[in-house]
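Worksheet: the structure to be examined is printed underneath.
From a predicted model like this one, the values you see are computed outputs, not experimental measurements.
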Amino acid sequence: VQLQASGGGLVQAGGSLRLSCVASGAAFSKYVMAWFRQAPGKEREFMSSVTWNGGRTSSADSVKGRFTTSRDNAKNTVYLQMNGLKSEDTAVYYCSASGRPRAYGSGYYIKGASYDYWGQGTLVTVSS
């Protein structure tokens with residue numbers, strides 16, 4: 001699976017962006033998809049994930065109520081809608097895919113090591 005993220009850019013605090021990640025290859029619907037981010041000088045951080053059919057999502061506490069993840073399996077695409085952006089949201093955002101079947105909600109899918117494939121990242125810069 002190859003992942004191509006897009007949609008990053010420069011936005012003012014309080015604004016919105018929608019990131020997209022298109023997957024190539026077969027069986028997109030068999031992967032749990034997630035978004036992570038990494039700010040300069042910081043470790044990679046889990047943002048959100050979505051189950052195989054899009055029925056359930058999980059988000060980090062820092063973005064709950066502001067960021068929403070969804071997917072369109074017909075388009076092999078996962079989205080991250082980001083609203084109410086803050087300067088501390090400035091980071092490179094990565095989409096990822098996990099083909100490992102585990103119980104969703106167990107905490108497995110918030111770990112970067114649980115993901116097999118990663119996109120190249122898209123930079124989001126929030127100006128205050």
Side-chain angles (χ1 to χ4, degrees):
V1 175
Q2 291 186 323
L3 304 175
Q4 182 72 39
S6 62
L10 175 64
V11 63
Q12 289 187 334
S16 298
L17 279 176
R18 188 176 82 156
L19 306 184
S20 300
C21 176
V22 180
S24 61
F28 175 72
S29 62
K30 293 185 178 181
Y31 293 90
V32 168
M33 301 298 296
W35 291 93
F36 289 76
R37 71 183 181 190
Q38 188 165 21
K42 295 187 177 182
E43 294 186 353
R44 183 176 58 193
E45 176 185 18
F46 168 78
M47 289 289 93
S48 64
S49 64
V50 58
T51 53
W52 305 265
N53 64 357
R56 292 178 63 186
T57 61
S58 175
S59 298
D61 289 342
S62 60
V63 301
K64 278 182 180 176
R66 298 191 298 125
F67 291 10
T68 303
T69 293
S70 61
R71 67 191 293 165
D72 185 340
N73 285 348
K75 296 182 178 179
N76 280 15
T77 303
V78 61
Y79 304 98
L80 181 65
Q81 177 66 44
M82 304 186 293
N83 299 326
L85 283 161
K86 306 174 182 180
S87 57
E88 52 263 43
D89 294 320
T90 294
V92 177
Y93 284 72
Y94 299 91
C95 60
S96 56
S98 176
R100 310 175 196 184
R102 298 288 190 276
Y104 193 78
S106 65
Y108 181 79
Y109 292 112
I110 68 172
K111 304 172 185 176
S114 301
Y115 292 83
D116 307 295
Y117 304 100
W118 293 84
Q120 84 289 0
T122 185
L123 176 63
V124 172
T125 304
V126 184
S127 63
S128 55

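Taking the ring axis of Phe67 as reference, the NZ or CZ atom of Arg37 does not stay both within 45° of it and closer than 6.0 Å to the ring centre. Cation-pi geometry between Arg18 and Tyr79 is satisfied (NZ or CZ under 6.0 Å from the ring centre, within 45° of the ring normal).
The two residues Val32 and Ser49 come nearest to each other via the heavy atoms CG1-CB, 4.4 Å. Residues Asp116 and Gly99 approach most closely at OD2-N, 2.9 Å, considering heavy atoms. Here the closest non-hydrogen pair linking Met47 and Ser62 is CE-OG, 4.2 Å. Here the shortest heavy-atom pairing between Ser96 and Tyr115 reads OG-CD2, 3.3 Å. Leu10 and Ser127 get closest at one heavy-atom pair: CD1-CB, 4.3 Å. What you find for Thr122 and Ala5 is that their closest heavy atoms are CG2-CB, 4.2 Å.
Proximity of a side-chain donor or acceptor of Tyr31 to a complementary backbone N or O of Arg100 within less than 3.5 Å is not detected. Looking only at distances, no side-chain donor or acceptor of Ser59 sits under 3.5 Å from a matching main-chain atom of Ser48. The main-chain N or O of Tyr94 is never found under 3.5 Å from a side-chain atom of Arg44 such that the two would form a donor-acceptor pair. With hydrogens and angles disregarded, a donor-acceptor distance shorter than 3.5 Å links the side chain of Tyr104 to the backbone of Ser58. Counting only distance, with no hydrogens or angles, the side chain of Arg71 and the backbone of Thr51 share a donor-acceptor pair below 3.5 Å. Under a 3.5 Å cut-off, the side chain of Asn83 and the backbone N or O of Ser16 do not form any donor-acceptor pair.
Residue-environment remark: CD (Glu88) exceeds the threshold of 12 foreign heavy atoms within 6.0 Å.
In the hydrophobic clustering of ILVMFWY residues, with side-chain heavy atoms under 4.5 Å counting as a link, Val22 and Met82 come out apart. Taking hydrophobic clusters as Ile, Leu, Val, Met, Phe, Trp and Tyr residues chained together by side-chain heavy-atom distances below 4.5 Å, Val92 shares a cluster with Trp118.
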TODO: Take Gln120 and Gln4, measure what side-chain contact (heavy atoms from CB on, under 4.5 Å) needs, and give me the verdict at the end.
DONE: CA-CA 7 Å; Gln120 84 289 0; Gln4 182 72 39; 3.1 Å; yes

- [ ] For the pair Tyr109 and Arg102, evaluate side-chain contact (heavy atoms from CB on, under 4.5 Å) and give the outcome as yes or no after the intermediate values.
- [x] CA-CA 8 Å; Tyr109 292 112; Arg102 298 288 190 276; 3.7 Å; yes

Open item on the list: For a side-chain contact (heavy atoms from CB on, under 4.5 Å) check, start with the C-alpha distance between Gln81 and Leu17, then their side-chain angles and the critical distance, and finish with the verdict.
Closed with: CA-CA 6 Å; Gln81 177 66 44; Leu17 279 176; over 6 Å; no

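Here the straight-line distance linking atom CG of Leu85 with atom OG1 of Thr90 works out to 8.5 Å at 0.5 Å rounding. Here the straight-line distance linking atom OH of Tyr93 with atom OG of Ser6 works out to 15.0 Å at 0.5 Å rounding. A distance of 5.5 Å separates SG in Cys95 from CE in Met33, rounded to the nearest 0.5 Å.
Residues Lys64 and Asp61 are paired through a salt bridge, judged by an N-O separation under 4.0 Å between the basic side chain and the carboxylate.
Each of Val78, Val124, Thr69 was scored for a side-chain contact (heavy atoms from CB on, under 4.5 Å) with Leu19, with one residue passing: Val124.
Between Ser114 and Tyr108 the shortest side-chain heavy-atom distance falls below 4.5 Å. Counting heavy atoms from C-beta outward, Lys75 and Phe28 have side chains that stay 4.5 Å or more apart.
Ring geometry, Phe36 versus Phe46: the interplanar angle exceeds 60°, so the pair is classed perpendicular (tilted spans 30 to 60°).
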